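Structure first, commentary second.
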Amino acid sequence: MNPADLSAALLTIVTGIAGRRGSTRTLTIDDVLLERPRNREHGDWASNIAMKLAKSLEVNPRELAEEIAAEAAKLDGVASVDVAGPGFINITLDAAAAGALAKTIVEQGEAYGRGDLYKGVTINLEFVSANPTGPIHIGGVRWAAVGDSLARIFQAEGGLVTREYYFNDHGAQIDRFARSLLASYLAEPTPDDGYAGMYISDIAARVIALYPGDLSKVPRDEQQEVFRSVGVELMFGDIKASLHEFGVDFDVYFHENDLHESGAVEHAIDRLRELGHIFEADGATWFRATSFGDDKDRVVIKSDGEAGYISGDLAYYLNKRERGFERNLIMLGADHHGYVKRLMAMTAAFGDEPYVNLEVLIGQLVNLVRHGEPLRMSKRAGTVVTLEDLVEAVGVDAGRYALVRSSIDSQVDIDLDVWGRRTNDNPVFYVQYAHARTHSVACNAASSGVDRSAFDASLLQHETESILLGTLAEFPRVVRQAAELREPHRVARYAEELAGAYHRWYDNCRVTPLGDESVEDVHRTRLWLNDAVGQVLRNALALLRVSAPERM
RNA sequence: GCGCCCGUAGCUCAGCGGAUAGAGCAAUUGACUACGGAUCAAUAGGCCGGGGGUUCAAAUCCCUCCGGGCGCACCA
């Protein structure tokens, strides 16, 4: 009896009662979701359905709750049902019914926790998308960790996910990058609007080494072109490599330049023109974004004939839709939140549904801190802390976990000294230790002759076992909720809760009997429970792409 | 001026309509010649920024004020 079964049974009961009382409202499984009461005296699962329905049925909530409780008490696997407070229905399961989950989890293995919320839905997840004008700095690191975990969570819910990196190689920033490389090569000072930093001279040296002829003999503008094309390629290769080190690999690297060269921009503008959302004014071509809630109209073709910035976004979105993606998500930093309105206006203008076909996830920026003092980073000034610096200081597991553990709505401070030195501050080790412990418990059990040849769930009677089973039962819903709300941090917080419940169980219940005791079914059954915990910890950590070590 | 995010234990943050608001770190005190003490138990610590409202029920939803972060280009 897992919470999903219980919810379904409850739905049947409540629908029957509501129907008899003349309700016309159709109830769904979401109306009868169960929650785990904080207080153990309130049973294993609780429902507030009676309080929610009381008003529309014009009955006293407690009276309705009693009616539901009476029927729920007859369900198989339910030990008792109580009505408490203003109308909570508290359900306590038979130990056997609750404990059966341990075996189910072991049998389902990696599949436990997966769902079908986005089964068959094509999802395009665009994140990081940093310009290849320098190494990926720590501001972009958060989206690498969060975006990749979100992709894994969508996949666990059946989504057909494409991880996409939008490579902004059309604008003036790339030119500045090329001029900076050239200046370094010619030993000239860095251009005023250029990029400084050690990496510029490194890249310049590698470009020169790769050039087949004598670069000093070609004209200056050709030199700059060489630095542009080869330099961007090298820089981008470095970015890909450090993201790969961090466990993040993209399916598609999309070049903005292709949109301009392939005619996709004109195509998108033509499409909007057909729909009547384009007009000419002041020598420029405009998108009438104000018709769709934006603050101002946006220039798609500037009066000098160049494409305006938004035209790339128009073409890119249309391209994604034409590639068949039903849902398109873009992750941006808070410094870009002003774009949301115009992107939604664009979505509506194309005849799509804002916030459904396109979603923009805004995450707060990360602050780099050293010795408690905020550290200003600037790619142009060369004071950059990179992804590689982070990995070197704290490792992939701790880095990813720390970045994904808090809500993207809250700002996080990264202090490399603290993260590197006091690793105990990072709860990832608490979770990983719990996993390592499940492994060593299983090893000890094996050498003491405890195996999984018997399973009697009714023997899982201890309070810590009941809490542990309840926590295990929640995992599928946590994954689903993380997907629905686009909040990977929920998986991390859940893993911590499960690790805690496991450690407390370990302290109270032995899997391996003491020296002079014989192996009983209770030990064999507990081994199933131990292994179930290990499996769920592995499944949860996998969603974050954090390793689940067998020893530490 | 307008818009988005945040204000919860000493610190870092969960909880975002439900019962007595939680965790880690820090503090104090305990627990292995018993499956790894990177653990566990216990104590202490809160007008959930202030004030209104909606609701049977508000940290959670609405309004307003205060404080902090970030944005409001024919730049990308």
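Values in this document were obtained by computation on a predicted structure and should not be read as measured data. Letters go in sequence order (proteins before strands), and every chain restarts at 1.
Counting atom types as modelled, Asn39(A) pairs a side-chain N or O with a base atom of U20(B) as donor and acceptor under 3.5 Å. A donor-acceptor contact under 3.5 angstrom links the side-chain atoms of Asn48(A) to the base of G18(B).
If you check every strand for non-hydrogen atoms under 4.0 Å, Asp282(A) touches a base. Counting any heavy atom pair closer than 4.0 Å across all strands shown, Ala436(A) reaches a base atom. Backbone-only engagement by Gln173(A) is indicated by non-hydrogen atom pairs under 4.0 Å involving sugar-phosphate atoms exclusively. His489(A) comes within 4.0 angstrom of sugar-phosphate atoms only, judged by non-hydrogen atoms across all strands, and of no base.
Using a cut-off of 4.0 Å between Lys/Arg side-chain N and Asp/Glu carboxylate O, Asp270(A) and Arg273(A) are scored as salt-bridged. Salt bridge absent: Glu517(A) and Arg510(A) never bring a charged side-chain N and a carboxylate O closer than 4.0 Å.
Between Lys296(A) and A73(B), a side-chain N or O to OP1/OP2 separation shorter than 4.0 Å is present. For the OP1/OP2 pair of C75(B) and a distance below 4.0 Å, the side-chain nitrogens and oxygens of Lys302(A) include at least one atom meeting the criterion. Between G37(B) and Tyr506(A), a contact under 4.0 Å exists linking OP1 or OP2 to a side-chain N or O.
Residue-to-nucleotide proximity on RNA chain B shows that, of Ile362(A) and Ala445(A), the 5′-proximal contact is made by Ile362(A). For the pair Trp286(A) and Gly338(A), nearest-nucleotide mapping onto RNA chain B gives the more 5' position to Gly338(A).
Taking the C1' atoms as reference points, C6(B) lies 14 Å from U12(B), given to the whole Å. Rounded to whole Å, the C1' atom of A57(B) lies 15 Å from the corresponding atom of U20(B). For the P atoms, the distance linking G22(B) with C47(B) amounts to 15 Å, nearest Å. Nucleotides C13(B) and G7(B) place their P atoms 10 Å apart, quoted to the nearest Å. Taking atom P in both G15(B) and G71(B), the straight-line distance is 25 Å, to the nearest Å. Distance check on atom C1': U8(B) versus G24(B) gives 15 Å, rounded to whole Å.
Of the candidates G36(B), C40(B), G71(B), the closest approach to any side-chain atom of Tyr433(A) belongs to G36(B). For Tyr430(A), counting side-chain heavy atoms from C-beta on, the closest listed nucleotide (G36(B), A76(B), C40(B)) is C40(B). Of the candidate nucleotides A76(B), U39(B), A19(B), U39(B) has the atom lying nearest to any side-chain atom of His503(A). The nucleotide whose nearest atom lies closest to any side-chain atom of Phe429(A) is, among A38(B), A19(B), C74(B), A38(B). Each of C40(B), C16(B), G71(B) was ranked by its minimum atom distance to the side chain of Arg490(A); first place goes to C16(B). Of the listed nucleotides (A19(B), G3(B), A34(B)), A19(B) has the atom at the smallest distance from the side chain of Ala84(A). Distance from the side chain of Met552(A) is smallest for G36(B) among the nucleotides G36(B), U20(B), A76(B). Here the nucleotide nearest the side chain of Leu365(A), chosen from U39(B), A76(B), C70(B), is C70(B). Of the candidates A19(B), C70(B), C74(B), the closest approach to any side-chain atom of Asn90(A) belongs to A19(B). Taking the side chain of Phe88(A) as heavy atoms from C-beta on, and the options C13(B), G18(B), A76(B), the nearest nucleotide is G18(B).
Below 30°, between 30° and 60°, or above 60°: for Phe254(A) and Tyr166(A) the angle between ring planes is between 30° and 60°, a tilted geometry.
Using modelled atom types, one finds no donor on one side chain facing an acceptor on the other under 3.5 Å when comparing Arg298(A) with Ser311(A). Residues Asn168(A) and Gln173(A) have side chains that never bring a donor and an acceptor to within less than 3.5 angstrom of each other.
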Readout for nucleotides 54-61 of chain B: B = base within 4.0 Å of protein heavy atom, S = sugar-phosphate only, - = neither; 5' to 3' it is -SB-----
Given protein heavy atoms under 4.0 Å, the one-letter contact record of nucleotides 6-12 of chain B, with B base, S sugar-phosphate only and - none, is simply S------
Dot-bracket assigned to RNA chain B with the 3.5 Å Watson-Crick/G-U criterion, [ ] for crossing and | for other-strand pairs, is (((((((..((((....[...)))).(((((.......))))).....(((((..]....))))))))))))....
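Both tests hold for Arg437(A) against Tyr506(A): distance to the six-membered ring centre under 6.0 Å, angle to the ring axis within 45°.
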